[in-house]
Each structure stands twice: as structure tokens, then as C-alpha cells.
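Both counts, for ligands and for their atoms, begin at 1 and track the order of listing. Remember, predicted model here, so these are calculated numbers, not experimental data. Both backbone and side-chain heavy atoms feed into the values below; hydrogens, waters and symmetry mates do not.
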Amino acid sequence: MNKKEFDNFFKPYSKNVDNANKHGFWKLSDALIMQIIRDNIPVDIGEESIILDAGGGTGRWVCDLSKIYKSKFIVYDLSSDMLEEAEKNIKNSDIESRVQLIEGDLKNMEKLKSDSIDYVISIYSPISFIYEKEKAFSEIYRILKKGGKAIIMGHGFYNAIFSKINNFCAEAVELNNLDEEKMVKWGDYVPKLNVFSKEILENDLQKAGFSIEKTYGVPVFVQPGYEDFDPENVKRSRISDALEREDFFSKVFELEMKYNSHSTVINRGMNMFVVAIKS
Ligand SMILES: C[S@@+](CC[C@H](N)C(=O)[O-])C[C@H]1O[C@@H](n2cnc3c(N)ncnc32)[C@H](O)[C@@H]1O
């Protein structure tokens, strides 16, 4: 993807993404991600630990995580538009002293020393936007300390096939390309994205040197409606409305967490979320 295509996508995206989790589907998805992070990064890590959010965008995860963890944070992102929003969010959360913003490409994190970071998180699939993904995985491995942990998300491959068949009745040629290239194009305004099965993402991380600790699908049962991708976040889907009911939300959350790391269920995930260790 060239710089123009990248900026054209992320400039408007940066203005709306922080409102997305007001809707039921994204609220649930965010709650699952937060739970998985809490289950895999101990809440008692010290003030000197560093959590780097790779492709951290508007810093919204760092703002939420700063309420749980005493650590320092780095938001690392290539988009100046996303980082502009991050700067405002971090100021509003009053956590400037604990957060560093770095503009740069995950394929070449030259501003960061080797073996210097305790945890890397990467949420809503920055690696799906990176065409030389191996370089990003190697860089994440390099900057982590020995024993450090990466929790990395990529768009799900099987979910992309499911959705292209059932929601789009895509042409045979498109389905064939998706299957062969492991890349999906969701719409004219969205760049082509890498998609991952559990096996592909685990294998990519292992090739970079990581050991795999655990993999989740996120979410595995709930499917978004097309309204949940409204760039202005105005339209609401049936499932997002239903998830406003507290009892329904809680039960769905419970079922998702109960089964989302079962080996026979993970690949149902809209996203794959892998916990990997630099051992
Ligand atoms: C879908 S957004 C997710 C943002 C954030 N993680 C969140 O959950 O709100 C993907 C992010 O990845 C960033 N990104 C894409 N390619 C990148 C690259 N090569 N290097 C660094 N960041 C990149 C984008 O700028 C964007 O902020």
C-alpha cells in the first residue's frame, strides 16, 4: 500500500474510530479484547515495565490500560493522523508522563533498542495492513526482552470466506483470489488486507522466533451487521441493539470467553489473537 492510499484511509478513520465502541457489537468485541489482555499480562507489573501498542492508533487502548497497569506505554504508529488523535486522548486522560508516542513503520522500528520492551500488544489487526508482514514480526521479536510477550491480532481468514460468501455473494473469481492470496478487499475505500487462520498466524510468529502460548478467536460467535461498519458510526445493527440488553451482553460475553480458545472454535474468529513469547 502506498503512502497516499494509507493516508486516504486513516485520515477519516482517525476522526471516527473512538466513537465505534459506543455500539453493542464493538463494545462486546472491545470487552473481550480487554479481558484477554488482563488474562495474559499480570495486573501487578511494575512502573518500570513497558507495554508497546504496535499500530496503537488513537491511543484508546493505552488510555484504558493505564487505569489497570502502573507501567509505561509506547503508542507506535505510522499514521500522523491517528497519532494526532492519540496526543489529544493521552492529554485528556492525564497520562502524558507515562506515554511516549512514536511515529514509525512496524517493519523497521529503528527508534527502539533490541531487548527493551516487556509487552507488545497489537489490536484490530495493524499487521493485516502490512504487506511485508515478516519484517514486522521480526521487529516485534527484536525489541522484546527475553521472556517478553506479544499479543498480536490479525483478520480471520475463514471468517473472511464466510462473510464474502454469505454477506456479499462474492464472485467466484474473488473467492478464489481470497483463498489463494490470503488477502481480502472489503470495499473500495478499504485497502487490501492480510487474513490469517490460527495456523498461519502462529506459523508466521514461530518463523520470527516466538513460541506460541495461546490463541483466541475474537469474537467467535457474534457476527457484526453491515451497519457496524458505518464509517460515521450512525447506523445501528440488530445485533448491536440486542447487545445493549445487559443480560444478553453478559451471556454472550461468557460464552465467547468460555469457547474462544478451544482448538475447534478459534478459526471461527473474525480476528485471530495470538499470545506469543520470546523465550
Ligand atoms: C485498524 S487500526 C487499529 C488501531 C488501534 N490498534 C485500535 O485498536 O484502535 C490499524 C492501525 O495500524 C496502523 N498501521 C498500519 N500499518 C502500519 C505500519 N506499517 N506501521 C505502523 N502502524 C501501522 C494504522 O495507522 C492504524 O492506526
Side-chain angles (χ1 to χ4, degrees), residues 1-23 25-34 36-37 51-66 73-90 93 99-112 117 119-140 142-143 150-156 160 183-184 186-187 189-196 218-219 224 228-229 231 233 270-273:
M1 188 187 335
N2 62 38
K3 175 96 174 89
K4 192 159 174 253
E5 198 186 358
F6 184 87
D7 286 341
N8 283 347
F9 179 71
F10 282 111
K11 197 178 185 65
Y13 183 93
S14 69
K15 308 292 175 243
N16 290 313
V17 61
D18 289 346
N19 294 320
N21 62 359
K22 295 202 173 79
H23 289 209
F25 173 79
W26 295 109
K27 242 189 240 174
L28 178 86
S29 181
D30 284 6
L32 293 166
I33 291 166
M34 193 53 114
I36 292 168
I37 293 174
I51 302 178
L52 179 138
D53 191 351
T58 60
R60 65 196 186 97
W61 289 99
V62 159
C63 292
D64 287 347
L65 291 170
S66 70
F73 296 92
I74 297 173
V75 179
Y76 191 102
D77 204 283
L78 186 57
S79 162
S80 52
D81 296 302
M82 295 294 269
L83 288 174
E84 227 173 79
E85 297 302 313
E87 202 170 345
K88 291 182 217 156
N89 287 337
I90 282 152
S93 298
V99 185
Q100 190 187 353
L101 300 181
I102 302 182
E103 186 174 337
D105 195 324
L106 289 169
K107 297 197 296 291
N108 178 7
M109 300 170 85
E110 59 192 355
K111 293 173 190 154
L112 290 164
I117 305 292
Y119 298 94
V120 171
I121 56 170
S122 188
I123 302 169
Y124 290 129
S125 308
I127 50 158
S128 285
F129 292 84
I130 302 178
Y131 298 157
E132 293 167 290
K133 55 181 181 171
E134 318 68 38
K135 289 190 179 166
F137 293 132
S138 294
E139 279 295 84
I140 291 170
R142 179 185 68 75
I143 61 161
I151 315 182
I152 307 280
M153 184 176 278
H155 274 289
M183 295 193 86
V184 68
W186 289 117
Y189 66 95
V190 191
K192 223 173 180 188
L193 300 171
N194 295 319
V195 285
F196 300 85
V218 182
D228 292 310
F229 297 100
N233 294 313
M270 186 172 138
N271 298 285
M272 298 294 110
F273 205 20

Exam field: side chain [X] to backbone [Y], donor-acceptor pair closer than 3.5 Å:
X	Y	answer
Ser128	Leu193	no
Lys111	Glu103	yes
Ser79	Phe10	no
Asn89	Thr58	yes
Arg142	Met109	yes

Residue and atom name of the nearest protein heavy atom (relative to [atom]), distance in Å to one decimal:
atom	value
atom 1 (C) of ligand 1	Tyr13 OH, 3.1 Å
atom 9 (O) of ligand 1	Arg60 NE, 2.8 Å
atom 11 (C) of ligand 1	Gly55 O, 3.6 Å
atom 19 (N) of ligand 1	Asp105 OD1, 2.9 Å
atom 15 (C) of ligand 1	Phe6 CE1, 3.5 Å
atom 27 (O) of ligand 1	Asp77 OD2, 2.7 Å

What I'd like to find out is whether the side chain of [X] reaches to under 4.5 Å of the side chain of [Y], using heavy atoms alone.
X	Y	result
Pro126	Leu106	yes
Ile127	Asn194	no
Met153	Val218	yes

If the cut-off is 4.0 Å to any non-hydrogen atom of [X], which atoms of ligand 1 fall inside it?
X	value
Ile130	16 (N), 18 (C), 19 (N)
Gly104	20 (N), 21 (C)
Gly57	27 (O)
Ser79	25 (O)

Look at [atom] and find which of [options] reaches it with the closest heavy atom.
atom	options	result
atom 22 (N) of ligand 1	Ile127, Ile102, Leu193, Leu78	Leu78
atom 12 (O) of ligand 1	Ala54, Ser122, Pro126	Pro126
atom 3 (C) of ligand 1	Thr58, Asp81, Ile123	Ile123

Under 30°, 30 to 60°, or over 60°: which ring-plane class applies to Phe196 and Phe137, parallel, tilted or perpendicular? perpendicular
In terms of relative ring orientation, are Trp26 and Tyr124 parallel, tilted or perpendicular, with 30° and 60° separating the classes? perpendicular
Where on [X] is there a heavy atom closer than 4.0 Å to ligand 1, on the side chain, on the backbone, on both, or on neither?
X	answer
Leu106	both
Trp61	side chain
Phe10	side chain

